[in-house]
Amino acid sequence: MRRPALAIAALCLALSSCAGFYYRRPTDEGEALIAQPLAEPDRALGAAEYGRLAARSSAAIEAERRRLELAEASWRLGARAFLPSVELGASSDERIAEYGPDSFSKGLSLSVTQPLWDGGRAAAARAAERAELGLARAELGRMEREAAEAAVEAYRAAASARARLLIRREAYAAAAAERETLAAELRLGLATAMELADADIGLAEAELEILSAELALDEAEAALAEAAGVAVAPASYEPPDPDRAAVALGPGDDEALKAAAQARSPELRALRYELARRKAEAKAAAFAWLPTASLKASLLLSGREYPLTKASWSVGLSLDFSGPLLGASIGVAGGGERPGGSTARTGASIRPLPDASAPLASGRAELALRLAEDALAAASGRAARAAVSAASAYRNALRGLDAARRSLGLAEARRELVALRLGLGQARRSELIRAGLELAARELALVDAAAAILAGERALERLLDLEAGALAVFVKEKLCEYRGAPEGRGGREP
């Protein structure tokens, strides 16, 4: 009884080990992709850093990156198609006859086949695969840009919300202090109850605005934590700075921006890879009628017992023609046998109408190529127009910032004037409170104008495939390379 039990246990162990070939527990890298821990942020990170953090912490992007690495490795190994193929074989043939002698034979064979010419099909296929890899890289870049852009927008929304909340709190504190002074004046008979009621209404509205601003900040920080893959939002931000140096973009830079957008646009880069793939497919379809040639050498050892006593070898050349109406194969081979002997063999075959739809495939490939060219030209025009529009919007945002500064200056002067008139007894304290709240509204407008400047820069940075905050350096150091470039320049094809 013990031996059958041991045999059954051994069989179960063998089956379980075989199952391991088909199923693996998702440990290490697999678990890291499924349940990636949230990263703790550096408190000094800015918008661009949070964008890079979001791209690095995305499990989908990491999985796509690894898939692309495997595809590129597979493409490099595909060069094996140009090398000779080797085949080794062994055989044993036994014949037992009821009437007559029995026969026994054994054999060993070696054959080497080398493609000499395939009409460029293998090269075209590898070119198409390379273009596919380029498209996959472009798709990976798009995923990274989308993740980074979401984090940048969330960061700047949170920074603006934090700045707006601070302004509202400061304005509320100043108005509350003035309200206490107004209440004391009321007790002394220097103010009326109506003035105090007006002040209380203004403070209640300001308090509601603070609560709304706090809610907006909480939502923006939650969106930032989710987009960047961090556990908590940062304790401090880089708020929109109205005094930040503007990017020097004049109307004379529009042509250079158009050329730069056409050369650097991620959308155009993907379309160029698509165009390269269509060109490779059209070329392969156009020359599909060219013959293929291959050389094959073989060696055969045979005999009744080992060591084998007979040997034969042959070397042959074969040509294969495959047209839409007629296909043919021609082969010639020569060799020898040992002991003494020589062989020669020729053969030919004809295949009528092997692929009558082949001319249609070439036409479809040409049509797809023309469509890809038209799509690239249309996208190039859109990129140029978008660059000019984004530059114009940025200059308008700069003018809006100047207007917000002037409005803030007028609000400050008005508040000082109301304070002066209050000291002279020509104004009421409730007017000073309203002037302070109006000053806070103008400060908020200035923050919004500074945020609009950042949004305008970011629109140009997306068109030029730049990180957040890199526009100033690009305009200063790189834009000159695109001045004088012909319109419609699409960059070097892949």
| note | Nearest heavy-atom approach of Ala263 to Tyr482 is CB-CE2, 3.8 Å
| field | Among Arg264, Lys478, Arg269, the one residue meeting salt bridge (Lys or Arg N to Asp or Glu O under 4.0 Å) with Asp465 | value | Arg269
| said: Checking the side chain of Ser57 only, and the main-chain atoms of Leu53 only, is there a donor and an acceptor separated by less than 3.5 Å? | reply: yes
| Leu432 and Leu182, any side-chain heavy atoms less than 4.5 Å apart | no
| remark: Looking only at heavy atoms, the pair that brings Tyr394 and Gly456 closest together is CD1-C, 4.0 Å
| field | Minimal non-hydrogen separation, Leu369 against Lys279, with atom names | value | CD1-CG, 3.4 Å
| query | Just how far is it from atom CG of Leu203 to atom CG of Leu437, taken to the nearest 0.5 Å? | reply | 7.0 Å
| field | Arg65/Glu144 salt bridge by N-O under 4.0 Å criterion | value | yes
| request: Apply the test salt bridge (Lys or Arg N to Asp or Glu O under 4.0 Å) to residues Arg162 and Glu221: give CA-CA distance (whole Å), side-chain angles for both, the deciding distance (0.1 Å), then the verdict. | output: CA-CA 10 Å; Arg162 177 70 63 86; Glu221 289 183 342; 2.7 Å; yes
| field | Residue that, paired with Pro84, satisfies side-chain contact (heavy atoms from CB on, under 4.5 Å) out of Val112, Thr113, Leu295 | value | Val112
| query | Where do Ala131 and Ala276 come nearest, in terms of heavy atoms and distance? | reply | CB-C, 4.1 Å
| field | Flag, side chain of Arg415 to backbone of Ala435, donor-acceptor distance under 3.5 Å | value | no
| message | I'd like to know if the side chain of Ser74 and the backbone of Leu70 have a donor-acceptor N/O pair within less than 3.5 Å. | response | no
| request: Can you establish whether the number of heavy atoms outside Arg462 located under 6.0 Å from its atom CZ is more than 12? | output: yes
| Residue pair Leu196 / Arg179, side-chain heavy-atom distance below 4.5 Å | yes
| task | Decide side chain to side chain contact (heavy atoms under 4.5 Å, CB included) for Leu398 and Leu249; before the verdict, give the C-alpha distance in whole Å, the side-chain angles of both, and the deciding distance to 0.1 Å. | result | CA-CA 11 Å; Leu398 289 177; Leu249 277 179; over 6 Å; no
| request: Examine distances only and state if a side-chain atom of Glu461 and a backbone atom of Ala470 form a donor-acceptor pair shorter than 3.5 Å. | output: yes
| With a 4.5 Å heavy-atom cut-off, do Asp198 and Arg428 have their side chains touching? | no
| Value rounded to 0.5 Å, distance of CG in Leu166 from CD in Glu443 | 11.0 Å
| Any side-chain heavy-atom pair of Glu87 and Lys296 under 4.5 Å | no
| Are side-chain heavy atoms of Leu464 and Leu257 found at a separation under 4.5 Å? | yes
| said: Quick check for you: to the nearest 0.5 Å, what is the distance between Arg277 atom CZ and Glu129 atom CD? | reply: 11.5 Å
| Which atom names give the shortest non-hydrogen contact between Leu319 and Ala293, and what distance separates them? | CD2-CB, 3.4 Å
| task | Could you give me the CA-CA distance, side-chain angles and deciding distance for Asp448 and Arg164, then say whether side chain to side chain contact (heavy atoms under 4.5 Å, CB included) is met? | result | CA-CA 9 Å; Asp448 292 341; Arg164 294 172 65 87; 2.7 Å; yes
| request: For the pair Arg434 and Glu438, find out whether any cationic side-chain nitrogen is under 4.0 Å from an anionic carboxylate oxygen. | output: no
| task | First locate atom CG of Leu133, then atom CZ of Arg126, and finally report the distance between them rounded to the nearest 0.5 Å. | result | 9.5 Å
| Side-chain touch Glu467/Arg52, heavy atoms, less than 4.5 angstrom | yes
| note | The reported gap from CG in Asp200 to CD in Glu205 (rounded to nearest 0.5 angstrom) is 11.5 Å
| Is a side-chain N or O of Ser58 found less than 3.5 angstrom from the main chain of Ala54, in a donor-acceptor match? | no
| request: Take atom CD of Glu412 as the centre, draw a 6.0 Å sphere, and report whether it contains more than 12 heavy atoms from other residues, nucleotides or ligands. | output: yes
| message | Apply side chain to side chain contact (heavy atoms under 4.5 Å, CB included) to residues Ser380 and Leu268 and explain how you reach the verdict. | response | CA-CA 7 Å; Ser380 179; Leu268 293 181; 4.3 Å; yes
| message | For a salt bridge (Lys or Arg N to Asp or Glu O under 4.0 Å) check, start with the C-alpha distance between Arg364 and Glu281, then their side-chain angles and the critical distance, and finish with the verdict. | response | CA-CA 10 Å; Arg364 287 194 299 269; Glu281 292 175 352; over 6 Å; no
| query | Is there a side-chain contact between Val475 and Leu460 (heavy atoms, below 4.5 Å)? | reply | no
| request: First locate atom CZ of Arg405, then atom CG of Leu410, and finally report the distance between them rounded to the nearest 0.5 Å. | output: 14.0 Å
| field | Exam field: side chain Arg80 to backbone Leu83, donor-acceptor pair closer than 3.5 Å | value | yes
| Is the shortest side-chain N to carboxylate O distance from Arg142 to Glu139 below 4.0 Å? | yes
| field | Sidechain N-carboxylate O distance under 4.0 Å for Arg395, Asp254 | value | yes
| Salt-bridged, Arg67 to Glu64, with N to O below 4.0 Å? | yes
| said: I'd like to know if Asp402 and Arg399 make a salt bridge, using a cut-off of under 4.0 Å between side-chain N and carboxylate O. | reply: no
| Taking the side chain from Tyr273 and the backbone from Arg137, do they hold a donor-acceptor pair closer than 3.5 Å? | no
| query | Above 12 or not: heavy atoms from other molecules or residues under 6.0 Å from CD of Gln114? | reply | yes
| Going through the distances and angles, do Glu149 and Arg458 end up as a salt bridge (Lys or Arg N to Asp or Glu O under 4.0 Å)? | CA-CA 9 Å; Glu149 187 62 28; Arg458 189 62 197 143; 2.8 Å; yes
| query | Which heavy-atom pair separates Arg168 from Ala213 by the least distance, and what is that distance? | reply | CD-CB, 4.1 Å
